[in-house]
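Values in this document were obtained by computation on a predicted structure and should not be read as measured data. A note on names: the letters A, B, ... follow the listed sequences, proteins ahead of strands, and every chain is numbered from 1.
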2 protein chains.
Amino acid sequence: MSPNPNGPPVPPALSPEQQGTWFAYMRVMLRLGYEMNRQLQTDSDLSLPDFDVLNALADSPDGRLQLTGLATRLAWERSRLSHHLQRMSARGLVERSPSATDRRATDAVLTDAGRAALTAATPGHTDLVRRMFFDGLDPALLPALRTALEQVHEQVLVHGTLPRPGQPQRRLPGLEPAG
Amino acid sequence: MSPNPNGPPVPPALSPEQQGTWFAYMRVMLRLGYEMNRQLQTDSDLSLPDFDVLNALADSPDGRLQLTGLATRLAWERSRLSHHLQRMSARGLVERSPSATDRRATDAVLTDAGRAALTAATPGHTDLVRRMFFDGLDPALLPALRTALEQVHEQVLVHGTLPRPGQPQRRLPGLEPAG
DNA sequence: GGAAGCTACATGACATGTCACCCAATCCGA
DNA sequence: TCGGATTGGGTGACATGTCATGTAGCTTCC
C-alpha cells in the first residue's frame, strides 16, 4: 500500500547519509546544551539563556537593543523575553529603558553589573566550548563545517517563520501572496 | 596588564575561524530549535521534548527503556523526565512499568497511542528537517559535516559530565582522584 | 485628521523544567 | 549478614517558558 500511487508529492525520506548527519546533530545539540548550561550555572550563576541575552546586548551598540529585535535575534517568543528581562533586571544585570525613536518600544540595556558578569563568565564558557567542541575536531574539517552551518543558517532564515534579525520587522505592503 | 606574565595556563581564545564556526552553530541551534518546536506543536500537538521521548523509546527494543537510561540518552535531568513522563502518561502516550531486573527501577514504555502519534508526526517533522537543514546544504559538504559532528559528539561524551548512553551507570571503584 | 488595523510590549494563568530532598532497593566491605 | 554508602526514582516548592489577552502608540488611507 504505497502512500501515493500517482508519483511523489510525498516527500522523500532522508537518505542514510542525511539521517546519520541529522542524528549526530541532534545528539550534539542535546548534550552540548546540557553541558553549557551546567557549566555556566555552576561557575557563574548564569543560565545559558541569561548568557545569550548578555552576549546579544554586549554585541550591540551601547549595549542596547529593542525587545523585538532582541527576541528575533535569540529566536525567542517576545513574551518569554519580557518575563526573562524582568528577572534579569531584578538581579541588576539589565535595565529596561524606553526607546528613543518609538514610544511603544522598550530597549533592554546592559548594566555595568551585567557587563561585569559577562566578562567574568566568558573565559570559562569559552574554555568549555574549546574543550567540548573544537579540541576533538579535525582542523581540516573546520572550514567545511563552518560553511555547512552557514548554509543551514541561511536556509532557516529564508524558509523559517521568524524575520531575519536586524531587519525592519514591519510587514511590507505588496508582498502578500497574490489574491 | 596581561592576565599571566609567566606564560599560558590561561586558555587561548578561539581563533577567528573557530569563533565564526561557533557563532554559526549557535545561531542554527537557536533558530532550528524554535522552528522544530513550532512545527511539531502546530501540526501534531507534540512538543519537541515529547517527540524526542517518543523517538528514543521507539528506537529501543519493545519500545521500553529504563528511566535513567532514557534520561542519559536525552541529556535530561532525571527529575525532569519523571515529571514529563507523568504528563505524557496522562495523555496516554507512554506508560510506566516496573523493571524486570531491578526492583528500584522503572521502565518507560511506548503505548500504541504513543507509537501512532509518533508515526503521524514523523513525516511533517522529517519534511521540515529536510527543507530547513538539507535543502540549502551543498551535498559535497555532507560527509565532512557528518564526520565533524560525530567527532564533536564523541568529544562531548568523553569530556562531558554525563555517562555514555547505554552504559552501566555505576561509578567504578578505583577511579576517584587519588587522595 | 480620524477611524481601522497593525505593532510593541506587559501580564496573568497555566505548562514545563530545576533543585533539594525524600524513600526504597541494591551493593559492598567488614 | 549487617550497616553504611550508592543508586533509582518520586515529589513539592520554586524558576522558567508559553499562550491568550489587554493597552498604548504608530500607520495608512480616505
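Evaluation of the side chain to side chain contact (heavy atoms under 4.5 Å, CB included) rule for A:N55 yields A:F51, A:L118 as partners, not counting sequence neighbours. Partners of B:W22 according to the ring-ring contact (aromatic ring centres under 6.0 Å, His included) rule, which considers only residues two or more places apart in sequence or in another chain, are A:F133, B:Y25. Scanning for ring-ring contact (aromatic ring centres under 6.0 Å, His included) contacts around A:H153 gives an empty result, with sequence neighbours left out. Applying the side chain to side chain contact (heavy atoms under 4.5 Å, CB included) test to B:R91 and every residue at least two apart in sequence or in another chain returns B:L46, B:D50, B:M88, B:L93. Remark: B:Q151 engages A:L137, A:D138, A:L141, B:T147 in a side chain to side chain contact (heavy atoms under 4.5 Å, CB included) (not counting sequence neighbours).
The salt bridge (charged side-chain N to carboxylate O under 4.0 Å, His left out) pairs that include a residue from residues 20-38 of chain B number zero, where partners must be two or more places apart or lie in different chains. Counting only residues at least two apart or in different chains, salt bridge (charged side-chain N to carboxylate O under 4.0 Å, His left out) contacts with residues 55-64 of chain A comprise A:D59-A:R73, A:R64-A:D107.
Between B:R130 and B:D127 a salt bridge is recorded (basic side-chain N to carboxylate O distance below 4.0 Å).
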Please list, for nucleotides 22-24 of chain D, all pairs of protein and nucleotide N/O atoms separated by less than 3.5 Å.
none

Tabulate protein N/O versus nucleotide N/O from nucleotides 19-21 of chain D, keeping only pairs under 3.5 Å, one per line.
unit_1 : atom_1 : unit_2 : atom_2 : d
D:dC19 : N4     : A:S79  : OG     : 2.9

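Within the structure, every side-chain polar atom (N or O) of A:Q86 is placed at least 4.0 Å from both OP1 and OP2 of C:dC9. When the side-chain nitrogen and oxygen atoms of B:R103 are compared with OP1 and OP2 of D:dG9, none of them lie within a distance under 4.0 Å.
Here B:R38 lies out of heavy-atom contact (under 4.0 Å) with every strand. Residue A:S82 is classed as a base contact, given a heavy-atom separation below 4.0 Å to a base.
Residues of residues 42-58 of chain A that place a heavy atom closer than 4.0 Å to DNA chain C do not occur.
Looking only at distances, no side-chain donor or acceptor of B:S60 sits under 3.5 Å from a matching main-chain atom of B:G63.
Applying the 4.5 Å side-chain rule to ILVMFWY residues, one finds B:L162 in the same cluster as A:Y34.
The rotation axes computed at either terminus of the helix from C:dG1-D:dC30 to C:dA30-D:dT1 lie 30° apart, taking five pairs at each end and rounding to 10 degrees.
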